[in-house]
Amino acid sequence: MKDFLADALRHAFYAVGFGGEYESREIGLYSDMCVAARTVVAFNPPSSATISVGKSVSSKLKSAYSIGIPSVRSVGFLYTSHDLLLASRHRPESMSIFEREVVSPCGENSVPESVDPSASTVAPESRDQRPDYNSIAYGRIFEDYRLEALVAQTLGKKDIVIASGISAWSPEKPSHIEAQYIHKEKDWCADVTYSSVDSVIGTSCMVKVPYTNWSAGGEVIYTHSERSGGISCGAKWNKSHGGGVNSILTFLSNPMMGFLNTTYTSTIRKNWVMTTSYDFNTYSYNSDLAVGMAYSPVDNSSRLMKIHFSTTRGLSLLLEGQFQQAIVGLGVMTNLGLNKAIQKQSIGFEVQFL
């Protein structure tokens, strides 16, 4: 479901030219290759009772407060050096994501429908008009004094450095930091990452194949604590058929782990998206087939229904909608007895006041 600060953070990166592939109309990160499928077949419905309040204190400062049952309480903020004016009426985050990916294909120089045109600072300026240096700072503290933070700094119009981390007091959830450097061009995007968890360093690149609907990329990582490495590669096909219909096909492989994945996402009717995903391991022969659907009424795009079924994770359902200044979400999750190792079953609801 929508998280006010997460949504504002996404818009903040978009405003400085480092949003997702379909927000900026440029190629995205290799790690985001399957984002269209994940929003439909890998979403997390509400599992508890939570009430949140999100507020734009000013054009550069946002804040959010959450309280829940049994123990979800947090306070957070977001600061941007550039003005960030969010639309007065937000669509649910999950709705805008699949809309951006599939339902409302945009022309190369147009702004996605999920962005309010009246909020001019949400849409990024051209590369020549954007300031060379922009800063983003995000922080959130939870009731167990766990602190998560993120700081980002653009270095010119094509480079950005991001540092994030979690400071925890529980040995079950140790503290860690992560750092990432991204260089982005219109037809390719590369990054270098580091994580203190197992001392992992990696690099990835995604390249658009000229004069085709294909893009391809790969990732190489090295784990210092295990003195081992890994490699993965993938390809993506994205086709706009006209009339508001898009198709996205992805292939992903990790040869050393024997992991294979393929997804297919397509618009079957206006505001109606369906996704299939298949995972297979060539060593253990374990597999998982997932099918999901996301639907929003044409006459009320602030309402959303998402459902997915997985042969290993069971069934998940999300009903979400905006009523005046409140976004309400209801979630149900059950494994249907398909996997004895996963016993999680829940019913939850969330209310987000804007």
Side-chain angles (χ1 to χ4, degrees), residues 1-7 10 34-52 54 64 66-74 90-99 101-102 140 142-144 146 148 166 170 172-173 259 261-265 268 271-281 286-297 302-323 326-353:
M1 180 174 164
K2 176 186 177 66
D3 179 273
F4 176 78
L5 281 187
D7 185 60
R10 176 174 63 84
C34 300
V35 67
R38 288 199 299 263
T39 59
V40 181
V41 297
F43 63 89
N44 294 315
S47 58
S48 62
T50 304
I51 298 177
S52 303
S66 297
I67 184 171
I69 300 174
S71 59
V72 181
R73 297 178 181 88
S74 67
H90 296 282
R91 297 182 183 182
E93 181 183 21
S94 49
M95 171 61 195
S96 62
I97 286 177
F98 84 72
E99 201 176 44
E101 290 284 356
V102 179
R140 182 174 289 183
F142 298 84
E143 64 174 352
D144 58 358
R146 174 168 49 94
E148 62 181 28
I166 294 179
S170 171
E172 299 178 357
K173 299 178 179 179
F259 174 77
N261 168 266
T262 181
T263 69
Y264 180 69
T265 304
I268 55 178
N271 281 24
W272 191 350
V273 177
M274 181 168 285
T275 293
T276 59
S277 175
Y278 182 68
D279 297 333
F280 182 73
N281 190 291
N286 291 333
S287 64
D288 177 44
L289 175 64
V291 179
M293 182 188 71
Y295 172 74
S296 177
S302 66
R303 309 284 176 86
L304 173 69
M305 180 188 75
K306 295 172 72 173
I307 184 171
H308 79 73
F309 170 78
S310 165
T311 55
T312 60
R313 290 172 286 128
L315 182 72
S316 294
L317 172 67
L318 170 67
L319 301 175
E320 186 176 327
Q322 181 167 351
F323 304 90
I327 295 178
V328 181
L330 173 66
V332 178
M333 182 167 52
T334 175
N335 69 343
L336 300 175
L338 297 173
N339 191 342
K340 294 183 179 179
I342 302 177
Q343 299 294 333
K344 187 174 182 179
Q345 303 188 61
S346 64
I347 298 176
F349 75 91
E350 293 184 15
V351 180
Q352 170 87 47
F353 292 99

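Throughout, residue positions are numbered sequentially from 1 according to the sequence presented.
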Self-check item: Rounded distance [0.5 Å steps], CD1 in Ile67 versus CD1 in Ile51
Solution: 7.5 Å
Quiz item: If you measure only the distance, is there a donor-acceptor pair under 3.5 Å linking the side chains of Ser66 and Ser52?
Solution: yes
Quiz item: Minimum heavy-atom separation for Gly54 to Gln352, with atom names?
Solution: N-NE2, 3.3 Å
Exercise. Taking all heavy atoms of Ser287 and all of Thr312, pick out the closest pair and write down the distance.
Key: O-CG2, 3.7 Å
Quiz item: Can you find a pair of side-chain heavy atoms, one from His308 and one from Val40, that are under 4.5 Å apart?
Solution: no
Quiz item: To the nearest 0.5 Å, what is the distance between CZ (Phe353) and CD1 (Ile327)?
Solution: 11.0 Å
Practice problem: Take Val273 and Met293 through the side-chain contact (heavy atoms from CB on, under 4.5 Å) test and state the conclusion after the steps. | Solution: CA-CA 6 Å; Val273 177; Met293 182 188 71; over 6 Å; no
Quiz item: Do you see a donor-acceptor pair shorter than 3.5 Å between the side chains of Asn261 and Asp279?
Solution: yes
Self-check item: Approximate separation, where rounding is to 0.5 Å, of Arg140 CZ and Leu5 CG
Solution: 5.0 Å
Exercise. State, with a plain yes or no, whether a side-chain heavy atom of Asn335 is found less than 4.5 Å away from one of Gln345.
Key: yes
Quiz item: Counting N and O atoms only, with roles assigned by atom type, does the side chain of Lys306 sit under 3.5 Å from a partner on the main chain of Thr39, one being a donor and the other an acceptor?
Solution: yes
Quiz prompt | Atom pair OG1/CG of Thr311 and Asn286 - distance to nearest 0.5 Å | solution = 10.0 Å
Quiz item: Taking side chain as C-beta onward, heavy atoms only, is Phe43 less than 4.5 Å from Leu318?
Solution: yes
Quiz item: Are any non-hydrogen side-chain atoms of Phe309 and Leu336 less than 4.5 angstrom apart?
Solution: yes
Self-check item: Worked verdict on Met333 versus Leu317 for side-chain contact (heavy atoms from CB on, under 4.5 Å)
Solution: CA-CA 6 Å; Met333 182 167 52; Leu317 172 67; over 6 Å; no
Exercise. Measure the spacing between CE of Met305 and CG of Leu330 and express it to the nearest 0.5 Å.
Key: 12.5 Å
Self-check item: 4.5 Å side-chain heavy-atom contact, Ser277 and Thr262
Solution: no
Quiz item: Mind checking whether Arg38 and Thr275 have side chains closer than 4.5 Å, heavy atoms only?
Solution: no
Quiz item: What are the two closest non-hydrogen atoms of Ala290 and Val41, and how far apart are they?
Solution: CB-CB, 4.3 Å
Practice problem: Quick one: pull up CG in Asn271 and CZ in Arg303 and give me the separation to the nearest 0.5 Å. | Solution: 13.5 Å
Quiz item: Does the side chain of Pro46 come within less than 4.5 Å of Phe349's, by heavy atoms?
Solution: no
Quiz item: Hey, does Phe142 have a side-chain heavy atom less than 4.5 Å from the side chain of Arg73?
Solution: no
